[in-house]
Amino acid sequence: VQLQASGGGLVQPGGSLRLSCAASRSIFIKDMGWYRQAPGNKRELVADIGSGGNTKYGDSVKGRFTIARDNAMNTVYLQMNNLKPEETAVYYCHADVVSTTFWGQGTYVTVSS
């Protein structure tokens, strides 16, 4: 399964971006979501969503980010509002298929004025 992420870029502090990630095959995906990794930091959870719509968010993004998925399209979305400079990172999408986790190539998000 290949995951194609898009939607990253440069945004000013307080701005918004919407990330998308689509799986290459029509298969059952249990959980989909996003992690991020800033230079020198460990990869951290941003948001996850199960096949039934249950969601989980990292503490720092609650109330500002919203994750959604389209099961028919095997696509997950991440709406990011009120972005902060410290959220500059590479954002990676993932998909859990049976006992295997697949990762996308990462998309850069830069929050800067």
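Everything quoted here is computed from the prediction, not taken from an experiment. Just so it is clear, the values below take in all heavy atoms, side chains as well, and ignore hydrogens, waters and symmetry mates.
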Notebook entry, point to check: Can you tell me how far the CD1 atom of I49 sits from the NZ atom of K56, to the nearest 0.5 Å?
Noted result: 12.5 Å
Next item on the list: Write out all pairs satisfying ring-ring contact (aromatic ring centres under 6.0 Å, His included) with one or both partners inside residues 27-69, taking only residues at least two apart or from two chains.
Entry: Y35-H94, Y35-W103
Notebook entry, point to check: When you look at D70 and Y77, which way does the side-chain contact (heavy atoms from CB on, under 4.5 Å) test go after all the steps?
Noted result: CA-CA 8 Å; D70 182 334; Y77 306 95; 4.2 Å; yes
Checklist line | salt bridge (Lys or Arg N to Asp or Glu O under 4.0 Å) partners for R64, two or more places apart | finding: E87
Please output the side-chain donor-acceptor pairs of residues 104-113 that fall under 3.5 Å, not counting sequence neighbours, one pair per line with the distance.
residue : atom : partner : partner atom : Å
Q105    : NE2  : A5      : O            : 3.4
T107    : OG1  : G8      : N            : 3.3

Margin query: Against L17, only a single residue in V11, L10, L78 fulfils side-chain contact (heavy atoms from CB on, under 4.5 Å); can you say which?
Written below: V11
Item checked: Nearest non-hydrogen partners of D31 and G50, listed with the distance -> OD1-CA, 3.2 Å
Note to self: So, taking the atom named CD in E86 and the one named OG in S60, what distance separates them when rounded to the nearest 0.5 Å?
What the structure shows: 8.5 Å
Notebook entry, point to check: Between R69 and I29, which heavy-atom pair has the shortest distance, and what is it?
Noted result: NH2-O, 2.9 Å
Checklist line | Within one Ile-Leu-Val-Met-Phe-Trp-Tyr cluster: L3 and I67, side-chain cutoff 4.5 Å | finding: yes
Notebook entry, point to check: Listed by chain and number, what are the side-chain hydrogen bond (donor to acceptor under 3.5 Å, both in side chains) partners of T101, not counting sequence neighbours?
Noted result: D96
Next item on the list: Not counting sequence neighbours, list each pair that qualifies as a side-chain hydrogen bond (donor to acceptor under 3.5 Å, both in side chains) and has a residue in residues 1-16.
Entry: S16-N81
Check: In Å and rounded to the nearest 0.5 Å, what is the OG1 to CZ distance from T100 to F102?
Finding: 5.0 Å
Side-chain donor-acceptor pairs of residues 37-45 under 3.5 Å, sequence neighbours excluded:
residue : atom : partner : partner atom : Å
Q37     : NE2  : N41     : O            : 3.1
E44     : OE2  : R36     : NE           : 2.7
E44     : OE2  : R36     : NH2          : 3.2

